[in-house]
Amino acid sequence: MSKASQTIAVGVIGAGGMGGRHARNLHEKIAGAKVVAVMDADGARAQQVAAECDDAQVFTDAHQLIETATVDAVLIASPDRTHAGFVLECLRQQKQVLCEKPLAVTAADAQQIIAAELKLGRKFVQVGFMRHYDPQHVGVKRAIETGKIGRPVLFKGWHRNIAPDPNTTSAEIVTGSTIHDLDSARWLLGEEIEEVYVRGANTNPALGKDVWDLQIVQLTMSGGSLATIEVYVNATYGYEVGVEVVGTQGTALTGFTAPALIRNQLALTQTIEEDWLQRFDLAYITELQQWINSIQHGGQPTGPNTWDGYTSLLAAEACIESIRSGQPQRLEAQARPAFY
Ligand code: ISE
């Protein structure tokens, strides 16, 4: 059924930093959407975000929110380990769902989501790889698609967080941070990941000396392209994400995003963003608006899908195994269902 003129009633699961931002964006900035429900295990936190959204209904149980008849579509921004179960529940209720990355914590769980969605014969799931909506990344993609740099042969990505989560592990850095870059390499090169090799170092002993807060990932892609990804979650100076794709006739590079260059006291300065909420502010809004538009106009999402969520998890698991073994890891080739 087309919902072209209908306002989409959204239920938001998770009222932390990310869920709160999505809820506020939906409420204040997105046409054709209304936040009707907010869930968090911490009821007071859900209440606070709901109050900012015209007193949306408050839940502490995600399944109840998903089942609620007045909720048309669901946005999941709860802890990673809860994602797969909530997405499967949305599929059971046949509700469109935008799930923050990672889609699941294991590729096996993501495979269950593929099976459930294939059975329904219609796309219901979008994954929050918001780099796809960042004007800088989109510019790089467009340069590739329009042949400006010839045939792409190398992806270079860098990804720096100001500080790590205090109790993080090397594996969590892969599933929480590197997974974006694994997806970006696949998306921008238009190839699947065939082999991964991770080297790393610990620069912050407070994390535990086994935790690699600096990781260098090398990828071999299915079409023969190469990729390198630097992830440094203890960069201290600010948050920065960028890519360069090198082609046979040129390169496409994301630029700086800060609005102004300041000259004073014999210095030329430019500010650096503090975190992803600042750096990808516009990308999050565009992602949501296009998600809502797709639900209104055709009922199926057009952004990163379950297959992207699944294959990025396969690559993430291979990275974790490479960290454990110290060896390169090959990924088994996967048959992509025509549906995706
Ligand atoms: C965070 O959870 C995100 O999703 C950001 O996009 C990513 O850049 C950051 O490294 C993660 O910690």
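In what follows, every heavy atom counts, from backbone to side chain, and hydrogens, waters and symmetry copies are set aside. Indexing begins at 1, ligand by ligand and atom by atom, following the structure's order. Fair warning: this is a prediction, and the values are worked out from it, not measured in the lab.
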**Study point:** Partners meeting ring pair (Phe, Tyr, Trp, His ring centres under 6.0 Å) with Phe86 (sequence neighbours left out)
**Key:**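 For Phe86, the residues satisfying ring pair (Phe, Tyr, Trp, His ring centres under 6.0 Å) (neighbours in sequence not counted) are His63.
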
Review point. Between Phe129 and His132, what is the ring plane arrangement, given parallel below 30°, perpendicular above 60°, and tilted in between?
Key: parallel

Exercise for review: Please state whether the rings of Trp307 and Tyr340 are parallel, tilted or perpendicular, taking 30° and 60° as the class boundaries.
Suggested key: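 Trp307 and Tyr340: parallel rings.
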
Check your understanding: Looking at residues at least two apart in the chain, or sitting in another chain, which of them share a side chain to side chain contact (heavy atoms under 4.5 Å, CB included) with Ala9?
Key -> Val36, Asp72

Practice item. Mind checking side chain to side chain contact (heavy atoms under 4.5 Å, CB included) for Glu230 and listing every partner two or more places apart, or none if nothing turns up? Key: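 Expected list: Trp158, Arg160, Leu214, Ile216, Tyr232.
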
Check your understanding: Side chains of Gln48 and Glu52: donor-acceptor distance under 3.5 Å anywhere?
Key -> no

Exercise for review: Would you check ligand 1 and list the protein residues that come within less than 4.0 Å of it by any heavy atom, ordered by chain and number?
Suggested key: Lys101, Met130, Arg131, His159, Asn161, Gly176, Ser177, His180, Tyr239, Trp276

